[in-house]
Amino acid sequence: MAEQCDVTKEMFASGHRGCAGCGEGIAVRQVLNEAGPNTIVAEVTGCLEVMTTGYPESAWEIPWIHAAFENASSVASGIEAALIAKGKRKGVNVLAFGGDGGTFDIGFQALSGMLERGHNIKYVCFDNEAYMNTGIQRCSSTPYGASTTTSPSGTCSIGESRPKKPIAAICVAHDIPYTATASIAHPKDLRKKVRTALDVEGPCFLHVFVPCPTGWGYASERTVEIAKLAVQTGVFVLWELEGNDFANIKVTKKPKERKPVIEYLKTQRRFKHLLDKPEEIEKIQSEVDEKCERYGF
Amino acid sequence: MKTVILGNMATALAAKLSRAEVIPAYPITPSTLFPEKISEYVADGEMDTQFILVESEHSAMSACIGASATGARTCTATASQGLALMHEMLYIASGMRLPIVVAVANRALSAPINIWCDHQDSISERDTGWMQFYAEKNQEALDLMIIAFKVAEDKRVLLPGMVGLDAFVLTHTMEAVDIPDQDKVDEFLPPYKAPYGVLDPEKPMTFGSFGTPEYYMEFKYAQTKALEDSEKVIDEAFAQFKETFGREYMKIKPYRTEDADIILLTLGSMSGTARAAVDVMREQGMKVGCAKMTVFRPFPTKELMDICKKTKVLAVVDRDISPGFGGAVFGEAAAIYVNEPKKPIIMNFIVGLGGRDITIPDFEAMTERAESALSAGKPERMVEWINLKEDNL
């Protein structure tokens, strides 16, 4: 049964140009509705900017700025500084939004700088595990085995050959006060984490898992189901951490019984080539098992 | 009262006198003293600004954009590779019509790496939609920064501006500078109030949206028009500046050009050397003058033509090179005459790249070439490199 959320006023207007079943749109709505109207967003280039701001339209009910692909963190740093200079900092949330490309790869330096400098900015990464806006190219967020347009599976290729970059753990290493992972399948958990981040002083990082029907190859009505399967299989673990001691990590959604990863992999075209390769499925399963053990479930 | 200060100190003081509210900065030779001075002002409680020590020049300009879009007066300083790293964001600053000011310590671009003066860095940013001012001396660097804010923030303009000051020749050289009173600067440059709204939850606005082919050209036309319109606003600002502070600025300042057959057109610190050379050559009876270009963008077409009305040879002295063509200033100076029935011989000299000295004998050599062109009716070569060491080739 779907979890219910209180929504009094929408901060993210309907009618934008996202694909049917876009996971990112679902996540943005939850994040913004939790943050409320006293919020400014700086965003990187990507699907989200393209689908929400085709001039002269805008889906943003809050002040919003997009400058370039790699620098939402730096733009947000300038916004925060200006608010302080103007005596308007109090009560305003400054958020930076990035897709996985603009966070894991090209925007990584700016993100690291912003975290290190200790700005009171909440960075939210909406991760759909490839460069979707440019046509499903491989990113350092792309998981092992996924076929993308630049890591295609073939007779000599298993698809993406490298594991997913542990972005949230890298952010934790910056010694920031709060880091969390979240999923659109668990909106209450997501919103609670947004709230925690907003209530903490200093830079926070939220890594939100957002399935993409276009890039992953599944029917658009299955977005939430697939996001849920990622959690139930342990492919994407939902956790939160105050400070930098991983011993204090708190897993916020533990399935009673973890489903085998095949249940998740078989739902998506990007993993289709793996299905007749039991040794690869086994490899992915054992990596997920090992990860879940580290997270304590 | 005059104080003896370095060029970088002049730009830092200009930022302070202009009451810049946000200064994101990243150190690069030879502009590093700028962030150092700003950090001192902040540390000593002399300046009320939000100083952000960003991790790159790209982030410096990005933070300027965020701050300016939130309504703060903002500036930074950089040079060479730093400006090149900002390149992407320079277009975005002007495209979003944000009145950011940057002091550029004009330095050569790699490779080979070279920290000394030429104008390649800012000249290469010619098409980014920024106003460009070039200082001859430290006084001008200070004054032009304040003027740049004034013009940039004008509702008729709303565009960023950069002020070039020559690497080391100005940045690291002590000169006597008249430091304006804070009261007078406040009168000349009142607090910035963004006329069309800022990032403010009270009135949400979308900045940096997606411009389809249906709309993109009009954005670019409006932006281009604003840069053209800044010509008038710059003149007004120069006039008001003279009234307030007593110092006169012109987009192009002529020197002994009234009866000159040959005019040497210069930018930056070499202009003083050009004037000294003109004096020497005038003593010898040569009809030569020079003109210093303070404003390169918007290009001062009318002013240049007025100065060159009776001139027979316009010798454009470029401290930059567009490989495969010639100097960038030359290309533009020549282009403005394309439809003119009467025009001077226009020739180009490439000088002083990577900090090579530009001397009086260099200007004498250029004038000699210009005289030969005048007798022959056209120059032997359109573009000539001056003081090139053949032995090094």
Side-chain angles (χ1 to χ4, degrees), chain A residues 11 17 35-43 45 49-89 91-94 96 107 109-117 119 121, chain B residues 19-24 26 48-74 76 86-89 91-93 95-96 98 100 191-192 194 197-212 214-216 218-219:
Chain A
M11 297 292 113
R17 302 170 190 200
N38 286 325
T39 299
I40 301 175
V41 171
E43 193 196 307
T45 306
E49 150 266 328
V50 172
M51 77 199 207
T52 58
T53 69
Y55 182 85
E57 296 163 355
S58 174
W60 302 88
E61 302 284 356
I62 44 98
W64 176 96
I65 184 170
H66 153 253
F69 199 178
E70 65 278 56
N71 61 354
S73 302
S74 325
V75 172
S77 302
I79 293 169
E80 192 208 21
L83 289 172
I84 296 168
K86 295 276 175 196
K88 292 179 175 173
R89 182 69 187 90
V92 179
N93 307 313
V94 180
Q109 173 181 319
L111 169 64
S112 177
M114 182 276 282
L115 298 177
E116 172 275 319
R117 291 191 299 270
H119 294 275
I121 292 167
Chain B
R19 299 189 187 278
E21 296 166 288
V22 177
I23 303 180
Y26 187 81
D48 186 17
T49 192
Q50 291 298 310
F51 183 49
I52 317 176
L53 287 159
V54 285
E55 81 297 332
S56 73
E57 289 91 351
H58 192 281
S59 280
M61 186 44 57
S62 304
C64 281
I65 287 169
S68 188
T70 313
R73 179 172 290 156
T74 179
T76 187
M86 285 181 185
H87 175 75
E88 178 193 28
M89 302 316 297
Y91 285 96
I92 293 170
M96 292 171 88
L98 300 171
I100 299 160
Y192 171 53
V198 296
L199 291 169
D200 178 6
E202 297 287 315
K203 193 181 176 237
M205 285 174 67
T206 293
F207 282 68
S209 52
F210 186 63
T212 55
E214 284 169 278
Y215 295 101
Y216 184 86
E218 286 70 28
F219 274 105

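Chain letters run A, B, ... following the sequence lines, proteins first and then strands; every chain starts at 1.
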Exercise for the section: To the nearest 0.5 angstrom, please state how far the CD atom of B:E202 sits from the CG atom of A:N38. Expected result: 7.0 Å
Exercise for the section: Inspect the surroundings of CG in B:D48 and state if more than 12 heavy atoms from other residues, nucleotides or ligands are less than 6.0 Å away. Expected result: no
Practice task
Could you check which of B:L53, B:T74, B:V198 has the highest count of heavy-atom pairs closer than 4.5 Å to chain A?
Solution key: B:L53
Practice task
Give, as side chain, backbone, both or neither, the part of A:I40 having an atom under 4.5 angstrom from any heavy atom of chain B.
Solution key: side chain
Fill in the blank from the handout: Turns out that what part of A:E61 lies under 4.5 Å from chain B's heavy atoms comes down to backbone
Completion exercise
The reported gap from CG in B:D200 to NZ in A:K88 (rounded to nearest 0.5 angstrom) is 5.0 Å
Problem - Contact origin within B:F51 toward chain A - heavy atom pairs under 4.5 Å - result: neither
Practice task
Could you look at B:E21 and say if it's the side chain, the backbone, both or neither that has a heavy atom under 4.5 Å from chain A?
Solution key: both
Handout entry: Spacing of CD belonging to B:Q50 relative to NZ belonging to A:K86, to within rounding of 0.5 Å
Key = 12.0 Å
Problem - Side chain, backbone, both or neither of B:M61 within contact of chain A (heavy atoms, under 4.5 Å) - result: neither
Fill in the blank from the handout: So, the part of B:L199 with a heavy atom under 4.5 Å from chain A: the answer is both
Problem - Residue among A:A82, A:P63, A:A85, A:A76 with most heavy-atom pairs under 4.5 Å to chain B - result: A:P63
Handout entry: Among the listed options A:A59, A:P56, A:G91, the residue most often paired with chain B at heavy-atom distances under 4.5 Å
Key = A:P56
Problem - Between B:M89, B:M96, B:R73, the one whose heavy-atom pairs under 4.5 Å with chain A are most numerous - result: B:M89
Problem - B:E55 CD to A:S73 OG distance, which is reported to the nearest 0.5 Å - result: 8.0 Å
Completion exercise
Checked B:I65, B:T212, B:V54, B:T49 vs chain A; the most non-hydrogen pairs under 4.5 Å come from B:V54
Exercise for the section: Rounded to the nearest 0.5 Å, what's the gap from OG1 on B:T206 to CD on A:E57? Could you check? Expected result: 11.0 Å
Exercise for the section: Against chain B, label A:A81 side chain, backbone, both or neither, depending on which of its atoms sit under 4.5 Å from a heavy atom there. Expected result: both
Fill in the blank from the handout: The interface call for A:V92 against chain B, heavy-atom contacts under 4.5 Å, is side chain
Problem - Donor + acceptor pair across side chains of A:S74, B:S62 (<3.5 Å) - result: no
Problem - Atom pair CE (A:M114) and OG (B:S59), whose distance is rounded to the nearest 0.5 Å - result: 10.5 Å
Exercise for the section: Would you please test A:E70 and B:E88 for side chain to side chain contact (heavy atoms under 4.5 Å, CB included) and show each step? Expected result: CA-CA 11 Å; A:E70 65 278 56; B:E88 178 193 28; 2.6 Å; yes
Problem - Contact winner vs chain A - B:S209, B:P24, B:A69, heavy-atom pairs under 4.5 Å - result: B:S209
